[in-house]
Structures are given as structure tokens and as C-alpha cells.
Amino acid sequence: MTTSIQNLIGLRTLSRTDIQFLLDQSEGFLNPEAPSPWFSQKIVVLLFFEPSTRTRVSFELAVRRLGAIPLVVDIEKSSAKKGETVLDTVRNIEAMGVDAFVIRHSESGLPEQLSTLIHTPILNAGDGVNEHPTQGLLDLFTLRSKLGELAGKKILILGDIKHSRVARSNIFGLNTLGAKVFISGPPALMPSSADGLDVTIVRSPDEVIGEVDAVNVLRIQRERQDSGECPPVDEYRRLYGMTEERVARLNPSAWILHPGPINRGVEIDDSVVDHGQSLILTQVRNGVAVRMACLNALLVSPK
Ligand code: CP
């Protein structure tokens, strides 16, 4: 089985077949010793206009493990600081001869727009509040590895949904695979109904905490919020935090996820991070294999 994916922009537009393909391919990349395609002449450019630890490092590792060459552009020392547009930056690097771009930027929709203006494949590493498709895929992969097929499974996404590209990619992917998605968080941090997301909003996570198969806990994204949208820390933790008390009410076979970075003691208790039902570092580990599968799909597809 193959795929004809040319760019990885978001999970909203990926078919069930394409998602299943990428998840199945990720299995093969889990073992670092497993034989990998050897893209020794391929150059993958990493352009991170926003901070990142997990996504940037795991993409760089994924490129190296595929045998390709990562070219990490230091945005702080680039001509972006002299006012060059992102499009001009990308077109100039493309003119030198590269094989793929991994781009993170604060502007929603920018990777999609760029993909219509250049000929080199683009992998979206997170655009504004829109999507974070490789995070969505690694979350689906991690859930599937523990729960089996996701059709009919109940997943609660908890926290700042409105500003979360992780939530959106998770919701699109979970919807496509047939899972039932609940969301909960402060009313001001819920998405507008115009977003057309197929979710059930619950006022409090306690309404469903005992019946879900997994809870994906989100970081409070203060950098994207207006003042007053988020309750004070103590109130947030009491109403929406993944506290020890809430974990005790989870089904013992349910799992806890968090995309990171974590605000310990705010959206998740310190002790919950390393709880036996937490998959947080498993997500991070799986992220390398999932990104290898995505890069592999794009680097081998006919242009
Ligand atoms: N989950 C995630 O995107 O983390 P980083 O911002 O560290 O890449």
C-alpha cells in the first residue's frame, strides 16, 4: 500500500486511508535498529519561527534516522530578522535545491498557503491555532497502540481548546477514525460553534471522567490568550486540572496524554505526570517514528 500525500498540512483533509497508512508505517519505524530507507542525498530544511523542543528535536532525529540531512535554520540569525517574508525565505532556500520543508509559524494557514506557491513538500510543524498534524498523528498512534482500533472509543480533550492546534488535529483525526470526542475547559477557552468540530462539550470533566478511555490534557497557552480568558491557576486546577483526585476516578484501563510542554501543578499535577496511566513520554518516543513515517511518505512520493 502507498500514499499520494504531497504535503502534510493538517488532519482535517487527510482521509481515513491516509491516516491508517501513516500510523501503520510508524510501527515499522519504532525500532531504531530497523532498516530504514536511505535518503542520503535528501535535504530537509527545518524552519521554526516559534519555540519548540519536542517537535524540532524529533524531526531532526527522524531526518537523521532516515539517512537524510537536516538543515536547521536559526531564525534569530536569518534574514527574517531583516524583514524578509516567509515566502521569500522559503523560495530562496528552495532555489538552492532542497527536498522538504518542516515549518512552524504563528500564522494559521501559512503552511497551506506556502504549499500552493512552491514545489517542495511542506510538513506543518504547527501553525498558529490551526493544526499540528504530526502531534495529532503521534497521539492517534499512541492511543491506538494502547486501545486498539479507535472507532467507538471515548476520548476527553481537556483545557484550552480554543487556542490549541493540537486539539484541532486530534479532533479531526479522532473523528475520521470514528472515536467519540468530548471537550471540556473554561467557557472562554472553548471553540466557537462555527469551527464545525464534531465534539460533545461537557461543562465539567467530572461528567465523563469515569467513562472515557483516555484524557488528553492540554497546556494553557497564555501566549495566545486575551487577558481574562483563563481563570486564576488555583481555580483552573480545581475545575479542569488533571489532579490526583481526578486520576483516582479514571477507569483503571484509561490513559492520560499531554502533548507538552507541561505546566506542572496547573493543568496536571506533578505526581500525575509520571503516573502508571500516563503516556506522556511514550508520546514523545512515538513522535520520532511517526515523523519518520511522514517524512518517508513525502520524500518517496512522486513529485
Ligand atoms: N508538543 C509540542 O509541539 O512540543 P514543542 O512545542 O516542544 O515542539
Side-chain angles (χ1 to χ4, degrees), residues 8-12 22-23 26 44-65 70 72-76 100-111 122-143 145 155 157-174 183 185 189 214-225 242 255-264 266-268 272-274 278-295:
L8 183 62
I9 302 299
L11 299 196
R12 185 198 275 272
L22 291 171
L23 300 185
S26 302
V44 179
V45 181
L46 276 60
L47 283 167
F48 279 71
F49 292 87
E50 282 190 324
S52 169
T53 297
R54 278 146 292 272
T55 313
R56 195 188 64 74
V57 173
S58 65
F59 259 119
E60 186 169 348
L61 271 174
V63 172
R64 289 182 189 279
R65 286 190 186 158
V72 184
V73 178
D74 182 347
I75 297 298
E76 290 302 312
F101 286 100
V102 175
I103 299 179
R104 169 172 288 193
H105 199 277
S106 60
E107 186 180 329
S108 301
L110 185 70
I122 292 180
L123 296 99
N124 178 7
D127 62 325
V129 298
N130 182 37
E131 285 224 39
H132 190 347
T134 56
Q135 181 70 46
L137 286 167
L138 77 87
D139 290 344
L140 295 177
F141 180 80
T142 304
L143 286 168
S145 71
I155 313 298
I157 304 177
L158 180 58
D160 179 0
I161 313 288
K162 179 175 160 185
H163 300 100
S164 177
R165 55 198 180 202
V166 174
R168 287 170 63 81
S169 288
N170 265 263
I171 291 166
F172 295 135
L174 288 165
I183 60 173
L189 299 180
V215 184
N216 199 343
V217 184
L218 302 176
R219 180 174 70 89
I220 298 176
Q221 303 202 41
R222 295 204 186 274
E223 73 275 22
R224 301 189 207 279
Q225 292 170 6
M242 203 60 194
W255 299 100
I256 301 159
L257 294 87
H258 190 308
I262 291 164
N263 295 305
R264 290 174 185 261
V266 183
E267 75 267 1
I268 188 165
V272 174
V273 174
D274 296 314
S278 164
L279 294 174
I280 294 171
L281 289 181
T282 306
Q283 290 170 268
V284 176
R285 188 162 47 247
N286 289 343
V288 180
V290 168
R291 291 180 173 114
M292 288 174 78
C294 295
L295 284 161

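Order of listing sets the numbers, starting from 1, for every ligand and every atom in it.
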Q. If we ignore angles and hydrogens, is there a donor and acceptor under 3.5 Å between the side chains of S106 and E50?
A. no
Nearest heavy-atom contact between N216 and P259 is OD1-CD, 3.7 Å
Under 4.0 Å from one or more heavy atoms of T53, ligand 1 contributes atoms 5 (P), 7 (O), 8 (O)
Nearest non-hydrogen protein atom to atom 2 (C) of ligand 1, with distance, is T55 OG1, 3.5 Å
Note to self: Please confirm whether E50 approaches ligand 1 to less than 4.0 Å, judged on its heavy atoms.
What the structure shows: no
Among non-hydrogen protein atoms, atom 1 (N) of ligand 1 lies closest to P259 O, 2.8 Å
Considering both backbone and side-chain atoms of P261, is one of its nitrogen or oxygen atoms within less than 3.5 Å of a nitrogen or oxygen in ligand 1? no
Close approach of G260 to ligand 1, heavy atoms, under 4.0 angstrom:
yes
Looking only at non-hydrogen atoms, the one of R54, R104, R56 nearest atom 6 (O) of ligand 1 is R104
Would you say the side-chain atoms of S169 pair up with the backbone N or O of H132, donor to acceptor, closer than 3.5 Å? yes
For R219 and P261, the nearest pair of non-hydrogen atoms, with its separation, is CD-O, 3.0 Å
Looking only at heavy atoms, the pair that brings A289 and S26 closest together is CB-O, 3.6 Å
When every non-hydrogen atom of D127 is compared with those of G109, the smallest separation belongs to OD2-N, 2.7 Å
